[in-house]
Amino acid sequence: MFKNYLITAWRNIIKNGMFSVINIAGLALGLMSCILIMLFVREETGFDKWLPDSERIVRMHSAYYVSGNPPFETVRSAGNMMEAIRDYASNEVEEGVRLIHFGATVRKQESALAEQITLVDGSFFNVFDLPFVHGSAQTSFTKPYDLIITEDIAIKYFGKTDVVGEIMTVCCVGPEPSPVPVTGVIKNLPDETHLELGMLAYVDPKIIENNAGLNTWTSVNVYTYFKMRVGTSIQQLQERITYWVNNESPLLDMYLKNVGELAPGAQISDNMKHKLMQLEDLHLKAKQDAGNMGDLTPMGDHNLIVTFTIVACLILLIACINFMNLSTARVSHRAREVAMRKVLGASRSQVVVQFLSEAIALVFISMILALILVELVLPLYNLALGRQLELALFTDLSLIASLLVIGLLIGLGAGIYPAMFLSRFLPADLLRSSKGGESSTASNLRTGLVVVQFATSIALVVCTAVIYGQTLYAQSVDVGYVSDDKLVLNVRAAGDNRDRLKHELLKLPEINSVVFSSEVPTQDNENNNTFTLIDGEHVNGENPSVLLNYHDIGYDFFEAYGVKPIAGRLFSLDFGSDMIQFEGRKEGDKGRANVILNQTAIDKYGFTSAQQAIGKTLDTNMANGHLMTIVGVVPDIYFRSIKFGVRATVYSMNPNRLRVASLSFNTSNVSQLMEKVEQVWKTNVPMQPINLQFLDQMMKAQYAEENIQVKMFSAFSMLAIVIACLGLYGLAAYTTERRTREIGIRKVMGANIKDIVALLVWQFSKPVLMANLIAWPVSVYLMLTWLESFSYRINSLWLLPVCFTVGLALLLLAWITVGGNAAHVAKANPIKALRRD
Amino acid sequence: MLKLHNLSRIYRTDDVETVALNNVNIEIGQGEFVAIMGPSGCGKSTLLNLIGMLDSPSDGQYYFNDEQISGYSEKQLAVIRKHHIGFIFQNFNLIEELTVAENIELALLYHNIPASERKEKVDEVMDMVGIAHRAKHMPSQLSGGQQQRVAVARAVVGNQGLILADEPTGNLDSTHGHEVMEMLRTLNDKGTTIVMVTHSPAHADFANRTINLFDGKVVTESVRAA
Ligand SMILES: Nc1ncnc2c1ncn2[C@@H]1O[C@H](COP(=O)(O)OP(=O)(O)O)[C@@H](O)[C@H]1O
Ligand SMILES: [Mg+2]
């Protein structure tokens with residue numbers, strides 16, 4: 001029986017060569033898109049699930065809300081939290097651990113390489129049960145700074161993994177460069193983790209106690225993880241923590257002392273939130289808690305995953321519609337076969353099974369083709385995404401299972417309608433007319449499905465165009481400073497040699513200027529502090545205390561970046577010292593320094609003009625207490641990424657925080673320049689790795705994620721159009737074939753080729769026009785919502801011409817698709833068409 | 001073998017109602033060879049389709065081997081059909097994608113017969129109708145007469161006791177038409193009941209009873225003296 005089905009199916013495939021090719025090609029392209037997206041989604045959603053007990057591990061995120069200031073959100077937390085909560089909520093918490101990340105350098109022979117080192121509590125392996133290659137959780141962390149490294153790091157530095165007892169020279173886990181012994185080697189972590197752990201160093205609580213940045217309830221410098229006890233839910237622990245924050249923690253007292261009264265009815269936990277998030281959710285959902293700061297590794301985007309899953313489903317829908325349309329269109333060809341099978345005793349269900357098996361067989365042929373296509377484009381796809389996705393067809397059981405399920409579902413989904421449709425008729429009906437029962441409902445339904453296909457394609461293209469436009473726009477925005485021809489050199493490692501380095505660099509003829517700062521544009525920070533107008537002066541009724549984002553800059557910084565003051569002056573040696581003072585102050589005395597504010601900050605204080613702010617003084621607890629005089633006001637520049645907008649900012653000059661140098665150059669031979677700079681670095685800062693980047697590349701990197709999304713959207717919406725057009729072509733070819741007789745008669749009656757092509761083309765223009773009417777409002781609504789999330793966005797009026805252009809382009813495409821075939825048929829000799837029965 | 005009692009069939013399309021059969025009463029016994037005649041559109045095919053259970057009556061009773069089958073489900077009807085009834089059509093209705101042998105085998109596919117036995121039976125009937133040398137050909141490569149012989153073979157390969165033939169010679173020239181009639185007579189001689197629609201009085205003469213239909217009603221019945 002099955003053999004017979006297969007024979008019929010196969011001969012039908014061969015006989016209807018073109019339709020089969022269209023069917024299989026369309027489905028294969030659809031499946032390819034779907035598999036590519038699935039590989040990405042599977043990796044993104046599979047993060048950290050492999051960690052033992054991952055469902056019991058949570059991380060605590062912090063969010064501070066101080067009225068009148070932007071919320072401060074981060075996935076980190078304060079150093080003192082972990083122990084306090086672990087001990088208080090001991091019924092819920094089994095163990096807790098802090099991770100403190102910092103960049104270090106490790107010596108390798110005559111050079112030094114940059115590495116990330118993570119300081120962790122001794123409880124680390126009780127929370128993260130990572131497998132050891134050498135050493136063990138019990139033996140490897142016994143004294144401070146004991147070092148556990150991954151296999152990769154071991155091989156990088158020693159060429160082998162059996163390195164327990166070897167010494168690494170690291171700067172600076174402890175107070176200064178020091179040899180530390182490797183006490184254990186762990187397996188490399190898989191790609192699917194939000195953790196970044198190459199080197200783990202053990203810190204004991206004493207070290208934390210003695211470190212001001214860690215021994216704190218409010219400064220967020222550590223990542224806090226808890227492993228909950230079996231049976232505890234995240235809500236239970238969350239409630240417990242909230243209770244502790246309100247009733248047991250020192251947070252309320254600190255808030256009352258430093259900020260002021262709580263709003264009536266509010267609790268301290270409303271202002272200082274400590275939110276738990278499940279380990280498995282971190283990669284995709286941490287973004288919602290992360291504010292403007294990142295996570296340990298680049299964060300995924302939950303919305304993006306949902307969006308692309310929807311896109312995959314839409315593309316599959318378009319491909320399935322092709323399949324349904326072409327199958328039902330060919331009903332008449334199969335009607336006699338179905339009728340005869342029924343006459344000969346086949347029941348309806350047997351006919352349904354036959355056609356479903358045929359559909360499933362076709363889907364699996366397409367699937368094989370799709371897998372081959374995926375293998376072919378995967379390297380390109382990985383390149384575009386910056387991933388190492390693999391199609392592990394023979395080892396990944398869940399992948400195989402999901403492919404099988406997808407194949408079956410599509411086969412059933414796309415096959416059930418044709419199967420039910422064909423098997424429905426009484427055999428007498430089918431036999432009566434040799435052409436079979438082509439009802440008007442069936443062809444209306446087909447037209448409806450074509451409308452759905454094209455509406456989906458048009459909507460996808462419109463969205464892609466808008467996303468593309470917005471991305472380009474965001475990158476073309478005037479950031480307010482000159483970013484061309486600048487190299488950014490991290491000079492933290494140069495220490496006291498910083499000025500000599502500058503001196504030597506300036507000797508290079510290509511270098512115009514070298515200026516220092518705490519960050520360069522694009523390097524976000526969350527350094528915020530309260531600055532109060534002296535004597536609590538209320539300007540125009542505004543609060544005199546404002547939380548300002550602060551950057552430190554050296555002399556000539558704004559000059560190098562082409563930023564001109566709108567009032568007052570820039571920092572200059574001509575006016576004595578603008579610098580923050582650390583030396584020569586009596587205990588309890590406030591230091592004096594000068595600062596520059598940006599326009600937004602001026603507005604916050606309520607000044608009506610920039611000039612009004614000049615000479616006013618701000619009081620702050622920064623740098624052991626300072627009075628800072630406003631000497632200049634600069635326009636708002638996008639120091640941060642455009643995504644985050646402009647903050648109220650103060651620029652001060654703290655010599656201890658000048659960690660990066662901006663090098664303005666005037667040559668086009670950049671590789672030679674890089675070499676020269678490196679040479680200068682090597683001679684002045686020996687044994688330290690250089691960290692040198694182009695500013696414009698750093699700016700581009702901010703949009704890396706968006707650019708990837710745009711690429712993906714473009715590629716997949718193109719595919720959707722190709723698939724939809726394939727289907728339209730098949731349907732048009734089929735319809736013209738059916739209408740040859742009619743066309744013959746029309747020609748005999750005197751219609752010319754043009755009339756006939758117009759007739760056929762118009763028939764297929766209608767669904768495309770209708771598709772526009774559906775797609776436009778839907779995509780406009782979606783894109784308006786999407787654009788709302790950008791502070792800097794394209795004018796929404798642009799949506800109209802975009803919709804119009806896309807609609808027109810697709811209409812043209814449909815004409816081209818249909819027209820060729822129509823012209824061919826229209827030219828045929830009518831006698832031939834009429835003679836044929 | 002079968003008995004139609006007050007059988008009616010009304011076609012309802014959007015706005016027209018066609019009474020194709022109107023209170024027809026017919027009884028056909030085992031081993032009979034019945035010809036049905038009448039002008040085009042009088043309901044002959046409708047009658048044959050009802051007898052063959054390819055269509056359901058609008059009203060009346062249909063007894064097949066003393067079973068009242070008008071209330072049967074499609075599935076039950078399919079079972080009776082495949083065991084008892086063979087069909088021959090004017091336009092042959094062979095499946096174009098299948099070879100001659102596969103077309104004939106189709107009639108056994110829904111019978112749960114092992115493949116080897118199926119092949120035996122197919123070979124046997126192909127010999128009988130003289131089409132064995134064309135077993136691997138496609139229908140489109142055969143003449144009309146040959147195609148109809150394949151259809152006859154397909155109708156009898158399952159040992160069906162009743163053969164329904166709707167203008168089996170309508171698309172054939174007289175020589176080929178005669179051949180097919182001879183074949184039907186041979187089958188009838190061996191005990192197969194045959195009901196055949198025809199326009200040709202000469203071919204009606206092969207039958208031992210002729211029913212004349214007009215406008216959905218039986219008008220005359222004539223039994224030919226043996
Ligand atoms: N499926 C149908 N729908 C509507 N009318 C039908 C259908 N089949 C047959 N008829 C009508 O029923 C009448 C009898 O048809 P039919 O049995 O095919 O006649 P005959 O076979 O005697 O030429 C005709 O008027 C025909 O138009
Ligand atoms: Mg008829």
Side-chain angles (χ1 to χ4, degrees), chain A residues 1-17 19-20 330-355 357-358 361 420 422-437 439-441 836-837, chain B residues 9 11 13-14 20 45-56 73-99 101-113 115 118 138-140 151 154-155 157-158 160 164 166:
Chain A
M1 180 95 79
F2 234 76
K3 194 177 133 221
N4 180 278
Y5 291 170
L6 281 183
I7 289 174
T8 340
W10 179 245
R11 292 202 187 133
N12 261 305
I13 290 177
I14 299 299
K15 187 175 148 205
N16 303 296
F19 292 105
S20 312
R330 276 172 37 232
V331 157
S332 58
H333 289 271
R334 302 294 297 272
R336 182 186 304 219
E337 177 195 336
V338 175
M340 252 351 272
R341 283 181 188 273
K342 286 184 130 187
V343 165
L344 294 172
S347 62
R348 181 169 185 192
S349 54
Q350 280 170 316
V351 174
V352 169
V353 167
Q354 178 192 347
F355 279 87
S357 343
E358 217 170 273
M420 297 309 275
L422 271 168
S423 64
R424 186 185 61 197
F425 299 106
L426 282 177
D429 293 334
L430 290 172
L431 289 170
R432 206 169 82 92
S433 64
S434 66
K435 278 282 177 199
S439 66
S440 61
T441 29
R836 209 170 62 192
D837 186 19
Chain B
R9 178 68 169 97
Y11 291 112
T13 48
D14 292 339
S45 297
T46 305
L47 177 63
L48 217 60
N49 286 340
L50 285 178
I51 295 176
M53 304 167 200
L54 300 179
D55 195 1
S56 343
S73 71
E74 220 201 302
K75 204 166 181 169
Q76 288 169 307
L77 292 176
V79 171
I80 301 182
R81 211 154 56 210
K82 75 179 169 196
H83 287 300
H84 299 286
I85 310 178
F87 292 87
I88 302 171
F89 300 94
Q90 177 177 5
N91 58 359
F92 325 129
N93 279 332
L94 299 178
I95 294 177
E96 282 163 40
E97 286 78 26
L98 297 179
T99 64
E102 285 163 354
N103 260 292
I104 299 173
E105 193 189 5
L106 198 61
L108 298 173
L109 268 183
Y110 300 99
H111 280 242
N112 267 335
I113 298 176
R118 285 207 302 262
M138 290 294 175
S140 55
R154 183 178 62 183
V157 68
Q160 277 83 350
L164 303 176
D166 194 345

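Labels below follow one simple rule: chain letters A, B, ... track the order of the sequence lines, proteins then strands, and each chain is numbered from 1.
Taking both residues in full, the closest heavy atoms of L98(B) and R341(A) are given as CD1-NH2, 4.5 Å, listed atom of the first, atom of the second, then distance. Minimum interatomic distance between L344(A) and R154(B) (heavy atoms only, all atoms of both residues): CD1-CD, 3.8 Å.
The distance from the OG atom of S347(A) to the CD atom of Q76(B) is 12.0 Å, given to the nearest 0.5 Å. Atom CZ of residue F87(B) and atom CE of residue M340(A) lie 8.0 Å apart, to the nearest 0.5 angstrom. Of the inter-residue distances, the one linking K342(A) atom NZ with L54(B) atom CG reads 10.0 Å to the nearest 0.5 angstrom.
Of the atoms belonging to L48(B), not a single heavy atom falls under 4.5 Å from chain A. In this structure, chain A has no heavy atom under 4.5 Å from any part of S73(B).
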